[in-house]
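Encoded as structure tokens, the structure appears first; notes follow it.
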Amino acid sequence: MTYSRYIATIKTTGKDIWNEEKPSSYSPYLIQRGLFSDDASAMGILNAANQRVMDKELHYKFLLHSLPKNVKYVAQSKKKKDALTVKYLSVVRQYFGYSEEKARDAMSILNPSQLELIASTLNQGGVKK
């Protein structure tokens, strides 16, 4: 049983599946993270409550009955890199001797033709991996 089924019942159906599934697979941390990835205040309240009451079943039933159903919760999103960043970040770092953060700032100023010129300057030939 994955924690996604617990999250689905908490968010949408409201059906108690605690006795149907293995309670050992329930992780309060993962459930809270899945539900409240953007709301730090709710996470703090639940973490404090979780430290006082370590029972997983109480945690699940509290979330099941206290949260409104069919409300869209924001899922965690990963930051995606654009194609230019992936291709030229190491080139800009090497050319200017910058850290990764400074290289990202420099890439926002440089246009693609300048990035290509820098890459061709650093190209030493040989077999590409």
Side-chain angles (χ1 to χ4, degrees):
M1 165 68 157
T2 60
Y3 73 96
S4 61
R5 183 148 180 233
Y6 284 114
I7 290 177
T9 60
I10 290 169
K11 289 191 323 187
T12 56
T13 62
K15 181 185 175 196
D16 189 358
I17 60 167
W18 185 260
N19 294 327
E20 298 172 12
E21 303 298 331
K22 293 180 184 177
S24 62
S25 66
Y26 184 83
S27 171
Y29 172 75
L30 290 177
I31 300 297
Q32 288 174 203
R33 189 172 146 203
L35 289 173
F36 305 109
S37 61
D38 289 345
D39 191 0
S41 62
M43 283 286 275
I45 292 168
L46 284 171
N47 281 336
N50 196 25
Q51 288 175 356
R52 283 187 233 118
V53 180
M54 296 302 282
D55 188 18
K56 292 179 180 181
E57 183 177 5
L58 287 176
H59 183 268
Y60 171 70
K61 293 199 177 187
F62 171 76
L63 291 175
L64 183 69
H65 297 294
S66 64
L67 295 178
K69 304 302 176 242
N70 296 324
V71 175
K72 182 176 180 175
Y73 294 94
V74 179
Q76 285 186 319
S77 61
K78 294 184 179 180
K79 196 174 188 179
K80 293 185 179 182
K81 297 179 181 179
D82 61 341
L84 283 177
T85 302
V86 171
K87 187 173 180 182
Y88 293 113
L89 183 63
S90 63
V91 172
V92 171
R93 287 183 67 189
Q94 184 180 358
Y95 186 78
F96 293 110
Y98 284 165
S99 65
E100 186 170 336
E101 185 178 336
K102 285 187 178 182
R104 287 184 193 278
D105 291 340
M107 285 182 64
S108 66
I109 298 170
L110 298 170
N111 62 33
S113 63
Q114 291 171 327
L115 291 170
E116 194 63 45
L117 179 67
I118 292 171
S120 64
T121 304
L122 290 177
N123 187 9
Q124 297 176 359
V127 178
K128 293 185 179 180
K129 293 182 181 180

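Keep in mind that what you see is a predicted model, and the values were worked out from it rather than measured.
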Please report the interatomic distance [atom1]([X]) to [atom2]([Y]), rounded to the nearest 0.5 Å.
X	Y	atom1	atom2	answer
E100	L89	CD	CG	5.0 Å
D16	E57	CG	CD	7.5 Å
H59	L64	NE2	CG	12.0 Å
L58	L63	CG	CG	11.0 Å
T13	R5	OG1	CZ	8.5 Å
H65	K61	NE2	NZ	6.0 Å

Restricting to non-hydrogen atoms, name the atom on [X] and the atom on [Y] that form the minimum distance, rounded to 0.1 Å.
X	Y	value
L115	V92	CD2-CG2, 3.6 Å
M107	T85	CE-CA, 3.5 Å
K87	E116	NZ-OE1, 4.3 Å

- Message: Just checking Y26: does its OH atom have more than 12 heavy atoms from other residues, nucleotides or ligands closer to it than 6.0 angstrom?
- Response: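 Buried by this count: over 12 neighbours within 6.0 Å.
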
- Item | Enclosure of E20 CD (heavy-atom neighbours >12, cutoff 6.0 Å) |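 Check passes, neighbour count above 12.
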
- Task: Evaluate side-chain contact (heavy atoms from CB on, under 4.5 Å) for F96 paired with I118, printing each intermediate quantity in order.
- Result: CA-CA 10 Å; F96 293 110; I118 292 171; 3.9 Å; yes

- Are any of the side-chain heavy atoms of Y98 and R104 separated by less than 4.5 Å?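 Side chain of Y98 against side chain of R104, heavy atoms only: no contact under 4.5 Å found.
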
- Shared ILVMFWY cluster between L117 and Y88, side chains joined below 4.5 angstrom?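 No.
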
- Item | Distance-only side-chain donor-acceptor flag, Y60 / T9, under 3.5 Å |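 Yes, side-chain donor-acceptor contact under 3.5 Å.
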
